[in-house]
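See below for the structure under consideration.
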Amino acid sequence: MPPTIQFILNDRTISTDIPTGLLVLDFLRKYLHLHGTKEGCKEGDCGACTVLVGELRGRKVEYLPVTSCLMPVGELHGKHLVTIEGLNLPQLNPAQEAIVEEGATQCGFCTPGIVVSMTGYLMQADGPVTADGIKMALSGHLCRCTGYRSLKQSWMYLQQRPGQRRGIEALVKAGILPEYFLEIPKRLRAIPPLPEKAPSPQVVIAGGTDLYVQQGERLPDIPVGVLNLRPELRGIQRENGHLRVGALTTFEEFAAHAEVRRLVPDIDQYMALIASWQIRNRATLGGNIVNASPIADMTILLLALNATLVLQNGSAQREVPLAEFYRGYKTLDKQPDELVYDILIPLPPPGTKINWEKVSKRKYLDIASVNSAIAVRVEDGHIAEATLAMGGVAPVPLLMRRTGAFLIGKPLAPDTVTGAIEVAQQEISPISDIRGSADYKRLLTRQLTIAHFCKLFPEQIKARDVYESQ
Amino acid sequence: MAGWKSLKDMTVLSKPLPRLDGPDKVAGQAKYTHDMHPKGLLYAGLLVSPHPAARVVKIDASKVRRLPGVKAVLTDVHPTGTVRYAGEEIAAVAATSPEVLEDALELFEVEYETLPFVADIDSAMQENAPRVFANRPNIRDPRVRGEGDVDAGFARADAVVEGEYRTQVQTHSTLETHGSMVYWEGDELVIYDSTQAVHGVREGVAKFLDMPVNKVRVVCKHMGAGFGSKLQPGRYTAIAARLAKETGAPVKLMLTRKQDFLGGGNRPNSISHVKLAATKDGKLTAFYAKTYGTAGIGTNAGIRLPFIYTIPNWKHEHYDVFTNAGPARAFRAPGCPQASFVMEQLMDELAEKLNMDPLEFRLKNDSNATRQKEWRLGAKKFGWQRRHKKPGADTGRYKRGMGLAASIWWPGGRGTKATMTIYPDGTLDVKCGTQDIGTGTRTYMAMVAAEELDIPMKRIRPMLGDSNFPKSGASGGSTTTPSVGPAIKNTSERAKTKLMDLAAQFLGVPATDLAWDSGTVYMKTNPVKKLTWDELCQLLGTETLEVHGQWVEGLSSRGVAGCQFAEVTVDTWTGQIQVNKIVAVADCGLILNRLTTESQVNGAILQGISYALLEERHMDPETGTMVNANYGDYKILGAKETPAIEVIFYDEPERGVIGIGEPPTIPTNAAIANAVYNATGVRMYELPMTPDRVLTALEAHQFAGKED
Ligand SMILES: Cc1cc2nc3c(=O)[nH]c(=O)nc-3n(C[C@H](O)[C@H](O)[C@H](O)COP(=O)(O)OP(=O)(O)OC[C@H]3O[C@@H](n4cnc5c(N)ncnc54)[C@H](O)[C@@H]3O)c2cc1C
Ligand code: FES
Ligand code: FES
């Protein structure tokens, strides 16, 4: 018997004991016949199923758009689920109006999801509407008809409307959100937490963005553990000498954290190349690590940052360096019942420079052909420390130990880079697949290595010189 | 029969009006086939073959039938029992819930005798390759077209270029998959279908099921796009109808995303061996092409060469090649994007050889008068003169380049009927058995009537997407607007005539003494004697006025010409291409609605970029099935990659309505390919121009990533 969960769907309170692992999308469409939320792919790639999920943060409720096709109903307990139906007012809201007026809907199948994301964007209390902001809001949506141009133009239209990006109250006041939103914090606080019971799940779900794509059909039928009901697995702290990052921290939370931004100054640029807004709102670092894809973007970054995992089983904890966690293709140094609890990122010595690169077929919202990250420190013109990680070139996300070792002590000069590339080519073992041929991946290994050094040391290393030293 | 009003007299038509169904769409209230949920609905699904070639020896459905919640099972849905592509329907089941349906589909036990197969065109063309159809070779007899004396043409040329170009298989990938929801009312079948042809589906399904056409009704109020993939009746519809018959319940059968990729249609690939020649003053003298294309198990994989050019001596041999893959279907401008990729690059190569500007070279060889003006107009807007004279001139990692290409299209309007019902309260319905596939048909139906009758749009209820309405053709070939627009105008005019007759009777004067202006009928000799629209309609008393009209010659025309200019940036470190800007000159005749027309052009360009850079069906040579049958691996361009797009309409209202939806997708890929060459000096002979292809090509030319 699954536990009874309680949440608010638009303005109605729902108590249900449907299977915890059922998809929110299926719950909406097949159980409640709320058909405004569309189904295009069930894999997180089209955004037609986008909904908002609101969660209490202190006294406020914060809303984020997510793809309902990758989210378990069980996780909704104590949360506010908003579908297109819950946004409708007697008049069109500005996002809706912008789409109608700009001619940004044709067949319209993608449209409700887009309205939800755009409204979700307006609900972020953070400065004026910008073209880039609208682009981010659209980043997780496929529209096969309109050509996006009119959608993108809508930002100018939205910019002129008052009350936006200044919080829920301002939006309600401006007639942009329905009034019932004002009562939601109170109503959510009234929902009691789920009783702690010792679950014996067959699978644990974090963001679900890998799990549901891989085994979506199976999950509603089996006992699942919803990690997101465990707040202790979230959050980032600075402790002596390292950052302690909860395994459930999402990509967006990670990138927004001040300590992380200090450590990895260009993180926003990297994020723009990773998944979509909706997916980044769900995808967790722990899931990225445990899924063990050889091209996991965050894992590659964490490898270069020398991260260590804290694994927990019951009350027992142990630490494993991330680089030693991978034993072979999708095999891990992890017991079935063990959870990745925290990720420890050592704070590098001052002067350490970090760079991350990714090449994929589609620049945005695509899985890498090859990705790579590096952390380097140069002292007196010589490389004092270097950690290089590469994805897509081996059965596991690869820490390039030999290449790193080669670099240390060498002068910062083009032929050092050339030498490193030679070692790297020995260290990798790419295979041909849908993301490119083995030869292409070798080519990218060279290109990304050069890119790291050219970007981090533009004065000392020029691409042309590296080639000439070959 | 009067023509269209002049542009300056129009108050509704040709204006940029938001679509009437916009508010429903943005509110999630527009109901698609996928959303239909009548009481007692059963969920149906298809079991499809995992094998690309096999004989179905036995289907054991006993476990399926025993599963509680399963209401009907069909094991005879495949017409021959010999499967020719992975994804073909083998069996079907209807169940009480989606969960039961999923379980049921797992319980079929099918015994296949697998057969050898050919997964792609190259293996299909090999000697001794397994045959797709036992009694026919994989390579069909050629279709040969041409004129003049090709050998002589080449002999007198001063410059010749030749090469091999390849384009990929592209899938339609509409956001709503194919599917139907059906139910029976006695012996009458009602079908809600995601379709581009309510009448076509009605006729097709009646044939499949061997029933009278008038007992089938097809409805489609909203559909999640088609691009040509939903022009035909689907076998799934007939299957759903049989399941519904057997169970006495409504049945919904939507293809899964994967099934849609495998069997929902595609644009054929092409392999072109081509040769083009010109004299040194830039006149084309000869063209020769030998081309191959696969439409899977289907035919019509042709490529429209020599594209837009008039060449005195040319010959084109085309061979369709069968492969064990889902059949192609019409896809936005069939045969044309492939042709522009080949021909427009070949033209650039030849221009370079002749030391001539590509634009100048085209002006010398393009016989279309409209396009002659469009080339110049576009070049000016785009800033063609800023183009690097020498390819690869930018120094540094990122290299910019510019390219251009032409478009063309043929069909215009054709038979379409419509009915108008006018009510005594002054409101009216316009009915037409066409459909709105996202193109804005509904909206301009009301606009045409409003313009003709000079009454407010809100009084008009445009009704479409129902085979009970007067017949109109499939929404394909960019024929809908030039067909439906004139039909509504004709119907409105006839309504006007009838109302004038009524007014004449009432006023006791001959109708010839009356005139119509701004929704009012008045006496020519005594204008104060008049009847307003409301007064006119009141004359109907308790009756309604039914008027029938149809498409007539003279309000639409055939033939479209256009051109596009592209600016790209190539990242020579990674091979990634970014399209910065597209300027499109679109030949548009009389535009009915500027907003929806512009949206069509934008969308067509986006699809063109997506085709140029990303989309490609990958067949696994081992299993013979599509490996990227999902949106995660079949990449489609997104909002962040959308370039600046400038659409210039080349208005020719005197030509009446022409089709606009397809032509602007034709030149985009070639304009980009030419721009990539201009940026890098490296020509891309294969689509899509993915980073791996580009980087590998740059590497072969020894300068991948060699500049900062
Ligand atoms: C549309 C789309 C785009 C994507 N784009 C990218 C991209 O650009 N880059 C990229 O790297 N990835 C991408 N992904 C993949 C995915 O989002 C990431 O790998 C993500 O980090 C997975 O995290 P999750 O929390 O969703 O994991 P889940 O799917 O919940 O879990 C993945 C696996 O990890 C296990 N697990 C999760 N957390 C823990 C834990 N704390 N302890 C033990 N086991 C755990 C689960 O049991 C499961 O086996 C994309 C996915 C989608 C759907
Ligand atoms: S259905 Fe496509 S993202 Fe959810
Ligand atoms: S309007 Fe058709 S998919 Fe966006």
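Lettering follows sequence order; numbering is per chain, from 1. Below, each value reflects all heavy atoms present in this structure, side chains not excepted, and no hydrogens, waters or symmetry copies. In this text, all values refer to a predicted model and were calculated from it rather than measured experimentally.
Among the candidates Lys42(A), Glu97(A), Glu39(A), Lys441(A), the residue making the largest number of heavy-atom pairs closer than 4.5 Å to chain B is Glu39(A). With chain A as the partner, the residue from Leu606(B), Leu41(B), Asp24(B) showing the most heavy-atom pairs under 4.5 Å is Leu606(B). Looking only at heavy-atom pairs under 4.5 Å with chain B, the residue among His35(A), Arg29(A), Arg144(A) that has the most is Arg144(A). Ranked by heavy-atom pairs shorter than 4.5 Å toward chain B, the options Asp26(A), Val115(A), Ile134(A) are led by Val115(A). The candidate from Lys258(B), Glu102(B), Arg19(B) with the greatest count of non-hydrogen atom pairs under 4.5 Å with chain A is Arg19(B). Contact tally against chain A (heavy-atom pairs below 4.5 Å) for Gln29(B), Met254(B), Gln607(B): the top residue is Gln607(B). Options Ala27(B), Gly22(B), Gly28(B), Pro18(B) differ in how many heavy-atom pairs under 4.5 Å they form with chain A, and the most are formed by Ala27(B). The residue among Thr37(A), Val359(A), Leu138(A) with the most heavy atom pairs within less than 4.5 Å of chain B is Val359(A). Of the listed residues (Ala95(A), Cys46(A), Pro458(A), Ser360(A)), the greatest number of heavy-atom pairs within a distance under 4.5 Å of chain B belongs to Ser360(A). Ranking Ile636(B), Thr696(B), Asp436(B) against chain A, the residue ahead of the rest is Ile636(B), based on heavy-atom pairs under 4.5 Å. The choice from Asn630(B), Asp103(B), Asn593(B), Thr177(B) that makes the most heavy-atom pairs within less than 4.5 Å of chain A is Asn630(B). Highest contact tally toward chain B, considering only Gly108(A), Pro112(A), Gly36(A), is held by Gly108(A) [criterion: heavy-atom pairs under 4.5 Å].
A donor-acceptor contact closer than 3.5 angstrom is absent between the side chains of Asn602(B) and Ser599(B). Defined by atom type and a distance below 3.5 Å, a donor-acceptor pair is present between the side-chain atoms of Arg446(A) and Tyr467(A). Between the side chains of Tyr634(B) and Arg617(B), no donor-acceptor pair of N or O atoms lies under 3.5 Å. Side chains of Gln278(A) and His141(A): a donor-acceptor N/O pair is present below 3.5 angstrom, by distance only. No side-chain donor-acceptor contact under 3.5 Å links His34(B) and Ser194(B). If you check the side chains of Ser475(B) and Thr480(B), you find a donor sitting under 3.5 Å from an acceptor. Side-chain contact of Gln600(B) with Gln106(A): a donor-acceptor pair under 3.5 Å is present, judged by distance alone. Looking only at atom types and distance, the side chain of Asp692(B) has a donor-acceptor partner in the side chain of Thr690(B) under 3.5 Å away.
With a 4.5 angstrom heavy-atom cutoff, His222(B) does not touch chain A via any of its atoms. In this structure, the portions of Tyr364(A) lying under 4.5 Å from any heavy atom of chain B include both its backbone and its side chain. Proximity to chain B (any heavy atom under 4.5 Å) is restricted, for Leu92(A), to the side chain, taken from C-beta onward. Residue contact with chain A, scored on non-hydrogen atoms closer than 4.5 Å, involves the backbone of Ala30(B) exclusively. Heavy-atom distances place the side chain of Pro98(B), and not its backbone, under 4.5 Å from chain A. The part of Ser610(B) that comes within reach of chain A is its side chain, from C-beta onward, which places non-hydrogen atoms under 4.5 angstrom from that chain. For Ala451(A), the parts sitting under 4.5 Å from any heavy atom of chain B are the backbone and the side chain alike. Only the side chain of Gln576(B) comes within less than 4.5 Å of a heavy atom of chain A; its backbone N, CA, C and O stay farther away. Of the atoms belonging to Glu43(A), it is side-chain heavy atoms, and not backbone ones, that fall under 4.5 Å from chain B. Neither the backbone nor the side chain of Thr596(B) comes within less than 4.5 Å of any heavy atom in chain A. The contact between Glu102(A) and chain B is made entirely by backbone atoms, counting heavy-atom distances below 4.5 Å. Heavy atoms closer than 4.5 Å to chain A are found in both the backbone and the side chain of Leu175(B). When heavy atoms are compared at a cutoff of 4.5 Å, Glu106(B) does not approach chain A at all. Lys38(A) touches chain B through its side chain: at least one heavy atom from C-beta onward sits under 4.5 Å away, while N, CA, C and O do not. Only the backbone of Leu637(B) has a heavy atom closer than 4.5 Å to any heavy atom of chain A. With a 4.5 angstrom heavy-atom cutoff, Thr105(A) touches chain B via backbone and side-chain atoms both. For Lys640(B), the parts sitting under 4.5 Å from any heavy atom of chain A are the backbone and the side chain alike. Both the backbone and the side chain of Asp366(A) come within contact range of chain B, each with at least one heavy atom under 4.5 Å from a heavy atom of that chain. Within the 4.5 angstrom heavy-atom criterion, atoms from both the backbone and the side chain of Ala272(A) approach chain B. Heavy-atom distances place the side chain of Glu598(B), and not its backbone, under 4.5 Å from chain A. For a residue to count as touching a neighbouring chain, one of its non-hydrogen atoms must lie under 4.5 Å from one of that chain's; by this rule Lys31(B) touches chain A with the side chain only.
In this view, Lys361(A) satisfies the salt bridge (Lys or Arg N to Asp or Glu O under 4.0 Å) rule with no residue, not counting sequence neighbours. Residues satisfying the salt bridge (Lys or Arg N to Asp or Glu O under 4.0 Å) criterion with Glu641(B), sequence neighbours excluded, are Arg362(A).
The pair Glu176(B)-Arg257(B) does not meet the salt-bridge criterion, since no charged nitrogen lies less than 4.0 angstrom from a carboxylate oxygen.
At least one side-chain heavy atom of Val570(B) sits under 4.5 Å from a side-chain heavy atom of Val694(B). Put simply, the side chain of Gln214(A) reaches to within 4.5 Å of the side chain of Asp210(A), judged on heavy atoms. Considering only heavy atoms from C-beta on, Leu595(B) stays 4.5 Å or farther from Lys15(B) through its side chain. The side-chain heavy atoms of Trp573(B) and Leu698(B), taken from C-beta on, include no pair separated by under 4.5 Å.
A distance of 12.5 Å separates CD1 in Ile114(A) from CD in Gln96(A), rounded to the nearest 0.5 Å. To the nearest 0.5 Å, atom CG of residue Leu70(A) and atom CD1 of residue Ile279(A) are 5.0 Å apart.
Between Tyr43(B) and His37(B), the ring planes lie tilted relative to each other; the angle falls in the 30° to 60° range.
For the pair Phe227(B) and Gln196(B), the tightest heavy-atom approach, listed with the atom from each and the gap, is N-OE1, 3.6 Å.
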